[in-house]
Amino acid sequence: MWHIVSIIFGALVGSFLNVCIFRLPKKESIIWPGSHCPHCKKPIKFYDNIPLISYILLMGKCRYCKNPISFQYPLVEGTTALCSLFLIMKFGPSLSYLFYFALVAALIVITVIDLYHQIIPDVINLPGIGVGLIASLILPQNTFLNSLIGALLGGGSLFIVGTLYQWFFKREGMGGGDVKLLAMIGAFLGWKAVILTILLSSLIGSITGIIIMVLKGKDFKYAIPFGPFLSLGAVISLFYGESLINWYLYLNR
Ligand SMILES: [Zn+2]
C-alpha cells in the first residue's frame, strides 16, 4: 500500500521539480502562473498535466501545436517516483523518509539545472544546509555534531581544493555552488558520507571525463559540471553508504 502511495507522491513531486528546473534559473515564480506549452503558449489543462501518464497519452506531443514535449518531464517524474519508492522501502512511512526525500528532490533539481546552465542555485543549497542541520536534531539516523562536522568538512574540503586548483591553474575548477552543495549533503548525511561522496563522485566523474575525452577527441578544455556527480555520489552514499564502509573495513581487517 505505502509503495503505491510513495510512487504517486514521488511522481507528483517530480512534476513540481520540473517546474523548479525551468523557472529557478530564470528567477521566475514557481507557483504562478500555471504551466503552459513553451511553443504555442497555450495553458496546459489539469488532465494533460498528470505526471508520466499524460506524456504517454499525448505520445510526447503538445495537444494543440503537436510540438514535442521535452523528455525531461517524464524522466524527472519517473526518477523522483523511483527514489521515493526506494526511500520508503528503506525507511518506511516516517519522518526520515520525508527528510531524505527532500534531500533527493533537491539533488535532482540541482543535477538537471547544473547540466543545463552550469550553476547551482543558492536558493536550494543554503536553506538545504539549514534543513539538514535541523533534521539531525530529530532523525534517529544522525546527530547534530555529525551533521555539523559533515557540513564543515563538505564545504571546507571542496573550498580548499577549489582554491588550490585556481592558484595552480589560474582558472576556476570548482564553483562556489559545488562547495555549498557538498556542505548541504554533509549536513544531511554526516561526515562519513561526505568522504564517501567525494570518493565516489571523483571516481565516477573521472571515468565520465575520460569517456567524453575519448569520444570528443583530446581537445578537452571545458569543465564538466561537478554537481551531478556530487549528487549521484550522495544518493549512493545514502542508500549503500553503510554497506560500502563495512565492506571496506572488512577488506582491511
Ligand atoms: Zn503547444
Side-chain angles (χ1 to χ4, degrees), residues 3-88 98 100-128 175 177-178 180-181 184 208 211-212 215-216 222-232 234-235:
H3 292 178
I4 296 164
V5 173
S6 73
I7 291 173
I8 295 170
F9 178 64
L12 286 169
V13 171
S15 177
F16 174 68
L17 298 185
N18 273 316
V19 176
C20 296
I21 288 165
F22 276 112
R23 296 189 185 178
L24 283 181
K26 296 188 218 161
K27 307 236 187 286
E28 289 175 0
S29 163
I30 51 173
I31 300 163
W32 189 90
S35 306
H36 51 79
C37 169
H39 303 285
C40 65
K41 311 292 179 207
K42 278 233 163 76
I44 294 164
K45 297 270 167 43
F46 72 92
Y47 51 79
D48 284 340
N49 215 354
I50 305 160
L52 293 169
I53 294 167
S54 288
Y55 186 86
I56 297 165
L57 289 180
L58 293 168
M59 290 187 292
K61 292 189 185 100
C62 169
R63 180 183 290 277
Y64 307 104
C65 67
K66 305 292 176 202
N67 270 302
I69 302 167
S70 168
F71 189 65
Q72 180 207 307
Y73 285 98
L75 189 65
V76 167
E77 287 158 1
T79 309
T80 314
L82 265 184
C83 288
S84 173
L85 172 65
F86 290 149
L87 283 169
I88 211 118
L98 279 180
Y100 291 119
F101 183 57
L103 171 67
V104 171
L107 293 175
I108 290 172
V109 173
I110 285 170
T111 294
V112 183
I113 291 181
D114 203 13
L115 284 173
Y116 278 134
H117 304 282
Q118 278 80 51
I119 51 158
I120 300 175
D122 278 349
V123 81
I124 304 174
N125 273 337
L126 295 180
D178 296 321
K180 285 169 255 175
L181 171 58
M184 177 180 91
T208 311
I211 292 172
I212 292 177
L215 290 179
K216 295 204 167 183
Y222 57 92
I224 13 171
F226 198 41
F229 297 110
L230 286 172
S231 303
L232 182 60
V235 172

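Just follow the structure's listing: the first ligand is 1, and inside any ligand the first atom is 1. Heavy-atom basis, side chains included; hydrogens, waters and symmetry copies ignored.
- Each side chain to side chain donor-acceptor pair (under 3.5 Å) pair with one or both residues in residues 12-30, not counting sequence neighbours, appears once here: N18-Q72.
- Shown are the protein N/O/S atoms under 2.8 Å from the Zn ion (ligand 1), given by residue and atom: C37 SG, C40 SG, C62 SG, C65 SG.
- Here the CD1 atom belonging to I21 is positioned 10.0 Å from the CG atom belonging to L115, to the nearest 0.5 angstrom.
- Closest approach of E77 and L52 over heavy atoms only: OE1-N, 2.9 Å.
- When ring centroids are compared, F22 and Y73 come within the 6.0 Å threshold.
- Counting all heavy atoms, side chain and backbone alike, S84 lies closest to F9 at OG-CD2, 4.5 Å.
- Residues I124 and L24 are in side-chain contact: their nearest non-hydrogen atoms beyond the backbone lie under 4.5 Å apart.
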